Visitor: 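Just passing along the structure, written as structure tokens.
Worth saying up front: this structure is predicted, and the values here are computed from it rather than measured. Heavy atoms only: backbone and side chains are in, while hydrogens, waters and symmetry mates are out. Proteins get letters first, then strands, A, B, ... in listed order; numbering begins at 1 in each.
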Amino acid sequence: MINIKFPDGAIRQYEKGISALAIARSISEGLAKKVLAASVNGVVQDAHRPLDKDASLQLLTWNDADAKSTFWHSSAHLLAEAIEAQFPGVKFWVGPAVEQGFYYDMDLGDRKITEEDLALIEKKMAELAKKDSSFERIEISKQEAIRYFSEKGDEYKLDLLQGLTDGEITFYKQGAFIDLCRGPHIPSTAPIKAIKLTSLAGAYWKGNEKNKMLTRIYGISFPTQKELDDYLLMLEEAKKRDHRKLGKELGIYTMDDDVGPGLPLWLPNGTILIEELERLAKETETAAGYKRVVTPHIAKESMYLTSGHLPYYADSMFPPMEMDGEKYYLKAMNCPHHHKIFDAEPKSYRELPFRIAEYGTCYRYEQSGELFGLMRVRCLHMNDAHIYCSKEQFFEEFKAVNEMYLKYFTIFGIDKYVMRLSLHDPAKLGQKYVNEPVLWQETEAMVRKVLIDTNTPFVEVQDEAAFYGPKIDVQIWSAIGREFTLATNQVDFNSGIKFKLSYTNKENHPETPLIIHRAPLGTHERFIGFLLEHYAGKFPLWLAPVQVRVLPISDKFLGYAQQVEQALKKAGIRAETDDRGEKIGKKIRDTELLKIPYMLVVGEKEMSEGKVAVRRQGKGDLGAQPVGEFVALASQEIISRKSE
RNA sequence: GCCGUUGUAGCUCAGUGGUAGAGCACUUCCUUGGUAAGGAAGAGGUCGUGAGUUCAAUUCUCAUCAACGGCUCCA
């Protein structure tokens, strides 16, 4: 007998060799049907597998994240089974579960799968799922596994086998499909009741662009049709807050073929957003001791050779213009220009930290396939600044930058993000990263200390650093789930050396400053794209391009409406009047759809009393108040940059 | 850059081998209406661009550009 401990602390005895599934069945048949996998001593495994010693056991059902990914991984096998049935001879690479669903990568040879085929494959999957084939786990020796795939002529699975050692190799079989797989899987195919193949894409083998491109099919599956319907509905909802859609509807920005890809044109409403963000940034930075500078949009090749950017990033800079035998590049970053400003006059330790900020535009030749609305563009307004400081000052300076992020995040109510400490990969020193092993280690330790000392939750990621030093990135997700870096705070121990920057220290010796590159608001483009999705277009009053719209009941009151508009404008409030010959219901509807925060309805009653009937977007009628009172309240809401 | 899909009016989309349609938006007129769509009329598109096939191309073929979904990249 063995002792099995349950999550509630209860311990029960079972016969040695019993499976988690059988234990579930002993509790209730209903539970057994719902069990998808088992967590044994914290390790997820097949619910079928025999338990041969004491263990703590958790039966995993659909509501457990681990069970979901097991379910999706099994769905990927089902996908492969369906494809093998319809396209015999297809070679499979890997088919993991992802955050929302699963995919399988395959080599179709000369054949092609079209989007129409996806519907057929879906059907086939449903058919196969109904057969309720169990997922059988087969332990196999490496030699046998190699023989099996050699006979099949499957170079992909043979490649996978190379990385595995004997004794840990398993196959899984369901129906007619056998795959090299470490598992775990759900007990059988029947629970997979609702399937949607969502997209057909290409993906480089092993994620390397020099390799062959495989065909990838993405899909998602659920235990019930309703859950699939709900998921598809949620996707529709997410699309409604896509910044590209809202950006168009709210007149924020536009793109034009004649201007060029990735080069947004900021419309008047979008320009107000930029100006408000810059106003916030300038106030914040002035208070934090930054000075503002302005630098040209181009510079000579020699500067980018000095900075070391050219060897790393030439491909993602616009090609140079030749003038008088010199090559000039459009700037892709402000740093080198700022270093030259630091270097313009001799510096004493008394002038450090030297903090300079700029809101200039930079130009990056992003790969055409990477462009994405406002989130990834070729012309970007950086919320950029550089801090030159001593080693002793570094900790406080870096910490202050982090605190500045958090202050901004509070203002905008941003709470869904991940702080990512990006480190170098020692194997790539001298290639992707400057070859200063000691400095890397020192600065990485300093940055980590800032995060730990400030109790900031973070994740560490290898091989994501900038070429000149480690950094902290703030990762966010777009409405459709794509990940982006919103803000960044980077250490640079290298540019100071490259540009021969120095200051005179207390002992009257020259010393190289450390440099912090920071952009708490990232780029205006990405930040505004993010904010559009974050607020679903319903900006807080201080940011809203149009803050108040005055709606006369009929044009008899147009004159009064315009007086109210003037009073608002005089108080610095962005206001306009709806002077169309429409009914009030129509005017309200249109204004609601434009997500203008306040509507002031004025008619006979309001005009005679010098009032306005206030209506808040999304909230409805708030009642009448004197014009002056509304102006005062609205002004207060704007000044405090209140988020609703 | 690579794989796949798409490209018709300002927007969302229908449609056809014989040079085009709807709804919303827009303009004008009627209506002067009290908290999410009042009515009528009108204007608006060389069907992304270039070439080929054809008596004839927006429709078929090819190329190209752009957008979209991924992959790769992101100072």
Visitor: Between B/C26 and B/C11, how many Å separate the two C1' atoms, rounded to a whole number?
Guide: 12 Å
Visitor: OP1 or OP2 of B/G69 less than 4.0 angstrom from a side-chain nitrogen or oxygen of A/R482, does that happen here?
Guide: yes
Visitor: May I ask you to verify if any side-chain N or O of A/S368 is less than 4.0 angstrom from the OP1 or OP2 atom of B/G1?
Guide: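 Yes.
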Visitor: If only side-chain N and O atoms of A/K583 are considered, is one of them under 4.0 Å from the OP1 or OP2 phosphate oxygen of B/G34?
Guide: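 Checking A/K583 against B/G34: no side-chain N or O falls below 4.0 Å of OP1 or OP2.
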Visitor: Rounding to a whole Å, what distance do you find between A/L593:CG and B/U35:P?
Guide: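 After rounding, the gap between these two atoms is 18 Å.
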Visitor: Answer with yes or no whether A/S316 presents, from its side chain, a donor or acceptor under 3.5 Å of a partner atom in the base of B/A75.
Guide: yes
Visitor: Under 4.0 Å, heavy atoms only, any strand: does A/G369 hit a base, just the sugar-phosphate, or nothing?
Guide: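 Touches a base.
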Visitor: Other residues, nucleotides and ligands only: do more than 12 of their heavy atoms fall within 6.0 Å of NZ on A/K206?
Guide: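 Yes, the 6.0 Å shell around NZ holds more than 12 heavy atoms from other groups.
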Visitor: Identify, between A/S554 and A/L371, the residue whose nearest nucleotide on RNA chain B lies closer to the 5' end.
Guide: A/S554
Visitor: When the ring centroid of A/H297 is compared with that of A/Y328, is the distance short of 6.0 Å?
Guide: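 That pair fails the under 6.0 Å test.
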Visitor: Within the pair A/K471 and B/A75, is there a side-chain N or O less than 4.0 Å away from OP1 or OP2?
Guide: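 True: A/K471 side-chain N/O within range (under 4.0 Å) of B/A75 OP1/OP2.
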Visitor: A quick test of your reading: do over 12 heavy atoms of other residues, nucleotides or ligands sit less than 6.0 Å from NZ of A/K196?
Guide: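 No, NZ of A/K196 has 12 or fewer neighbouring heavy atoms, counting only those of other groups under 6.0 Å.
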Visitor: In whole Å, measure the gap between the C1' atoms of B/A67 and B/A25 for me.
Guide: 23 Å
Visitor: Using the P atom on both, measure B/A20 against B/G45 and round to a whole Å.
Guide: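 Between the two P atoms, the distance is 12 Å.
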Visitor: Quick one: A/F102 CZ to B/G70 C1', roughly how many Å, whole number?
Guide: 16 Å
Visitor: Within the 4.0 Å heavy-atom criterion, would you say A/A466 contacts the bases, only the backbone, or no part of the nucleic acid?
Guide: sugar-phosphate
Visitor: Stacking here means centres under 5.5 Å and planes under 30°; does A/F467 stack on B/A75?
Guide: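 The ring of A/F467 is not stacked on B/A75.
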Visitor: Within the structure, does a side-chain N or O atom of A/R244 lie under 4.0 Å from either OP1 or OP2 of B/G69?
Guide: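 Answer yes for this pair, as a side-chain N or O of A/R244 is under 4.0 Å from OP1 or OP2.
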Visitor: What is the distance, to the nearest angstrom, from the CE atom on A/M375 to the P atom on B/G70?
Guide: 13 Å
Visitor: Using only modelled atom types and a 3.5 angstrom limit, is any donor from either the side chain of A/R526 or the base of B/C74 paired with an acceptor on the other?
Guide: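 Side chain to base: no pair below 3.5 Å.
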Visitor: What is the separation between atom CG on A/N208 and atom P on B/C73, rounded to the nearest whole Å?
Guide: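 The answer, rounded to whole Å, is 8 Å.
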Visitor: Would you classify A/A203 as touching base, sugar-phosphate or nothing, given that sugar-phosphate means primed atoms plus P, OP1 and OP2, and contacts are heavy atoms under 4.0 Å?
Guide: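 Here A/A203 touches the backbone only, sparing every base.
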Visitor: Counting only side-chain nitrogens and oxygens, does A/K586 get under 4.0 Å of the OP1 or OP2 atom of B/A25?
Guide: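 Yes, because at least one side-chain N or O of A/K586 sits under 4.0 Å from OP1 or OP2 of B/A25.
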Visitor: A/R616 vs A/Y598, test: side-chain hydrogen bond (donor to acceptor under 3.5 Å, both in side chains). Steps then yes/no.
Guide: CA-CA 5 Å; A/R616 179 91 206 196; A/Y598 281 111; 3.0 Å; yes
Visitor: Suppose you measure atom P in B/G4 against the same atom in B/G10; what distance do you get, rounded to whole Å?
Guide: 31 Å
Visitor: Taking the six-membered ring for Trp, is the centroid-to-centroid distance between A/Y468 and A/H517 below 6.0 Å?
Guide: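 When the ring centroids of A/Y468 and A/H517 are compared, they turn out to be within the sub-6.0 Å range.
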Visitor: For A/L594 and B/A36, give me the distance from atom CG to atom C1', rounded to whole Å.
Guide: 12 Å
Visitor: I need the CG-P distance between A/L200 and B/G70, as an integer number of Å.
Guide: 13 Å
Visitor: With heavy atoms under 4.0 Å as the rule, sort A/I553 into base, sugar-phosphate or nothing.
Guide: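 Base contact.
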Visitor: Heavy atoms only, 4.0 Å cut-off, all strands: where does A/F372 land among base, sugar-phosphate and nothing?
Guide: sugar-phosphate
Visitor: Pick the P atom in B/G38 and in B/G48, then give their distance to the nearest Å.
Guide: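 That atom pair is separated by 34 Å.
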Visitor: Quick check: A/F372 with A/F484 (ring centres under 6.0 Å apart)?
Guide: yes
Visitor: What is the distance from CE of A/M213 to C1' of B/G70, rounded to the nearest Å?
Guide: 9 Å
Visitor: If I take atom CG in residue A/D258 and atom P in nucleotide B/A66, what distance separates them, rounded to the nearest angstrom?
Guide: 12 Å
Visitor: For A/M255 and for A/A613, find the nucleotide of RNA chain B with the closest heavy atom, then tell me which residue's nucleotide is more 5'.
Guide: A/A613
Visitor: Let's test your reading of the model: under 3.5 Å, does the base of B/G70 pair with the side chain of A/Y204 as donor and acceptor?
Guide: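 Side chain to base: no pair below 3.5 Å.
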Visitor: Heavy atoms under 4.0 Å, any strand shown: does A/K587 hit a base, just sugar-phosphate, or nothing?
Guide: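 Nothing: the residue A/K587, judged by heavy atoms under 4.0 Å, touches no strand.
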Visitor: Check A/L214, A/L79, A/I83 against A/F92 for a side-chain contact (heavy atoms from CB on, under 4.5 Å) and give me the one that passes.
Guide: A/I83
Visitor: Could a donor-acceptor pair under 3.5 angstrom be found where the side chain of A/E606 meets the base of B/G34?
Guide: yes
Visitor: Distance between the C1' atoms of B/U8 and B/A14, in whole angstroms?
Guide: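 Taking atom C1' in both B/U8 and B/A14, they lie 10 Å apart.
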